[in-house]
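Take a look at the structure set out below.
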Amino acid sequence: MRRFGGLKGLFNNQRNAVKLLEDDEMVTLQVGKTVWDQAPRQMRVELWMSSLQRRGVGVAAAAKYEDMLLTPVSDEAVNDIEKDIARTFPATRRFTTAEGQQALRRVLHAYAAYDPEVGYCQGMNFVAGLLLMYLPERHAFGGLVVLMQDRGLRRYYSTDMSLLQTHLWQLGRLIPPRLNAHLESHGVLPLLYGASWLMTCFSADFPASFSARWLRPCFSADFPASFSARVMDVILHGWMMDQALLKAAVAVLVRLEGRLLASNEMEDCLALLKSEAPSWEDAVLHDVLTEAFGKPWTAQQLLLLSSVEGAEWI
């Protein structure tokens with residue numbers, strides 16, 4: 001990790017700094033494979049804005065933002081969005097204010113209008129909220145469109161969630177075989193811990209109402225926004241969604257391998273994955289991501305990612 005010394009020349013256009021409600025002054029920023037420690041927060045804003053400008057779909061979507069706000073959406077979408085507003089990053093100042101909640105409500109409404117086939121699904125609120133921590137409202141909507149339409153996140157929100165389940169199956173086979181066998185023998189399937197990692201870009205865990213669709217609720221903690229934002233650095237910079245998220249997920253599991261292998265109860269394994277890992281100190285979490293994004297897939301892992309032969313779904 002390198003200490004930030006300036007990104008002069010990285011951005012072609014000079015812009016006035018955008019004042020946002022969340023105001024941490026320094027961040028850990030990932031530009032390609034280079035990690036900058038103690039970078040000014042505005043550099044992440046600039047990096048994300050620059051990424052959106054390179055992708056025509058984000059600029060085009062941002063230009064339609066006001067029109068989408070005036071476009072009606074289904075009553076179901078309106079009600080679901082409203083239920084999730086208060087659940088989104090409740091520990092942040094931005095989303096405990098009426099202004100922040102209204103911005104989130106508007107971005108989610110705009111996306112539901114932009115993509116009526118998908119509309120609004122639980123989990124999108126966390127992704128939109130993460131974008132709003134760094135981007136002005138119109139551009140946060142553009143960023144959400146890029147993530148959903150261009151980077152592949154939309155495919156996780158299909159009715160049967162078949163692609164999500166495929167990637168969860170792949171996750172179990174991307175980790176060391178001994179670890180996968182141990183977890184499966186104790187009923188710790190990737191669905192139990194990985195679904196929210198992938199669907200929210202590590203920005204949050206789902207509440208019990210979602211988890212109950214698949215399993216009995218269990219205690220969990222959220223990865224900090226600083227972790228999720230660095231994952232977003234990589235995705236917006238050009239990685240496809242599933243590649244970046246699976247890389248991060250595998251790195252978390254490998255970091256916990258020894259302790260997971262020593263745990264012989266399902267609840268203990270899930271506690272490590274859903275409670276302890278998100279609570280690691282920032283330095284540990286950033287080391288995990290440095291390992292994830294700095295190490296290429298092995299030939300065997302690439303072969304697995306290119307095929308779903310033998311995949312199993314729940």
Side-chain angles (χ1 to χ4, degrees), residues 30 32-33 47-48 50-62 64 107-108 110-112 114-132 134-135 139-174 190-191 193-204 206 210 223 227-252 289 292-293 296-297 301-309 311 313:
Q30 181 128 6
K33 292 185 177 181
L47 177 67
W48 290 10
S50 176
S51 297
L52 296 183
Q53 287 192 344
R54 291 199 306 271
R55 312 302 297 190
V57 63
V59 174
K64 297 178 180 178
V107 168
L108 294 174
Y111 188 82
Y114 182 89
D115 186 2
E117 182 180 355
V118 169
Y120 171 74
C121 297
Q122 191 173 53
M124 291 166 56
N125 53 312
F126 294 108
V127 180
L130 181 62
L131 291 167
L132 280 166
Y134 294 93
L135 296 176
H139 299 289
F141 168 67
L144 184 59
V145 171
V146 167
L147 294 174
M148 294 287 285
Q149 305 278 338
D150 189 64
R151 296 295 194 269
L153 184 61
R154 185 181 189 273
R155 297 175 297 163
Y156 284 161
Y157 291 97
S158 64
T159 302
D160 61 3
M161 295 187 172
S162 58
L163 185 70
L164 173 66
Q165 295 194 64
T166 297
H167 288 158
L168 291 171
W169 176 86
Q170 290 175 329
L171 174 58
R173 280 138 189 87
L174 288 167
L191 179 65
Y193 55 86
S196 60
W197 290 359
L198 301 187
M199 292 184 74
T200 72
C201 304
F202 288 88
S203 60
F206 288 118
F210 181 93
F223 282 89
F227 183 91
S228 310
R230 191 171 152 200
V231 174
M232 194 67 71
D233 290 342
V234 173
I235 295 170
L236 287 176
H237 194 66
W239 284 46
M240 286 302 293
M241 183 74 63
D242 51 350
Q243 291 287 311
L245 297 176
L246 287 171
K247 274 273 192 179
V250 168
V252 171
L289 289 183
F293 299 136
W297 293 119
Q301 288 173 324
L302 286 172
L303 181 63
L304 188 147
L305 288 166
S306 68
S307 172
V308 295
E309 183 178 353
W313 294 272

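- Between the CG atom in L171 and the OG1 atom in T166 there is a gap of 12.5 Å [rounded to 0.5 Å].
- Looking at L303, L304, L246 one by one, the single match for side chain to side chain contact (heavy atoms under 4.5 Å, CB included) with W297 turns out to be L246.
- By the side chain to side chain contact (heavy atoms under 4.5 Å, CB included) test, A244 pairs with V234, I235, W239, F293, sequence neighbours left out.
- Remark: side-chain polar atoms of Y157 are paired, donor with acceptor, to backbone N or O of M199 under 3.5 angstrom.
- Considering OG of S196 and CD of Q122, their distance stands at 10.5 Å, rounded to 0.5 Å.
- Scanning both residues, A140 and L132, for their nearest heavy atoms gives CB-CD2, 3.6 Å.
- Of all heavy-atom pairs between C201 and S228, the closest is O-CB, 3.7 Å.
- Taking the six-membered ring wherever Trp is involved, the centroid distance between the rings of F227 and F202 falls below 6.0 Å.
- Nearest heavy atoms, H139 versus A62: ND1-CB, 4.5 Å.
- Applying the salt bridge (charged side-chain N to carboxylate O under 4.0 Å, His left out) test to every pair with at least one member in residues 114-127, sequence neighbours left out, gives these pairs: D115-R154, E117-R154.
- Judged as a side chain to side chain contact (heavy atoms under 4.5 Å, CB included), and not counting sequence neighbours, the contacts of A128 are L104, V107, L108, L144.
- Counting heavy atoms from C-beta outward, L52 and V57 have side chains that stay 4.5 Å or more apart.
- Distance check, rounded to the nearest 0.5 Å: OG1 of T200 to CG of N125 gives 9.0 Å.
- Here H237 contributes atom NE2 and R151 contributes atom CZ; the two are 9.5 Å apart, rounded to the nearest 0.5 Å.
- When all heavy atoms are compared, the tightest approach of L130 to W48 is O-CZ3, 4.0 Å.
- Closest approach of C121 and V118 over heavy atoms only: SG-O, 3.9 Å.
- M124 has its side chain within reach of M148: a pair of non-hydrogen atoms, C-beta onward, lies under 4.5 Å apart.
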(message) Run Y111 and V145 through side chain to side chain contact (heavy atoms under 4.5 Å, CB included) and show every step you take.
(response) CA-CA 7 Å; Y111 188 82; V145 171; 3.9 Å; yes
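- With hydrogens and angles disregarded, no donor-acceptor distance shorter than 3.5 Å links the side chain of R230 to the backbone of Q30.
- Two residues are said to be in side-chain contact when any heavy atoms from C-beta on lie closer than 4.5 Å; D242 and L153 fail this criterion.
- Counting heavy atoms from C-beta on, the side chains of Y134 and M232 never come closer than 4.5 Å.
- Under the 4.5 Å side-chain criterion, counting only non-hydrogen atoms from C-beta, F141 is not in contact with L135.
- Atom CG of L174 is separated from atom CG of L305 by 5.0 Å, given to the nearest 0.5 angstrom.
- Of the inter-residue distances, the one linking L164 atom CG with W169 atom CH2 reads 14.5 Å to the nearest 0.5 angstrom.
- Checking side-chain atoms of D233 against main-chain N and O of V231 turns up no donor-acceptor pair under 3.5 Å.
- Under the side chain to side chain donor-acceptor pair (under 3.5 Å) criterion, Y156 pairs with H167, not counting sequence neighbours.
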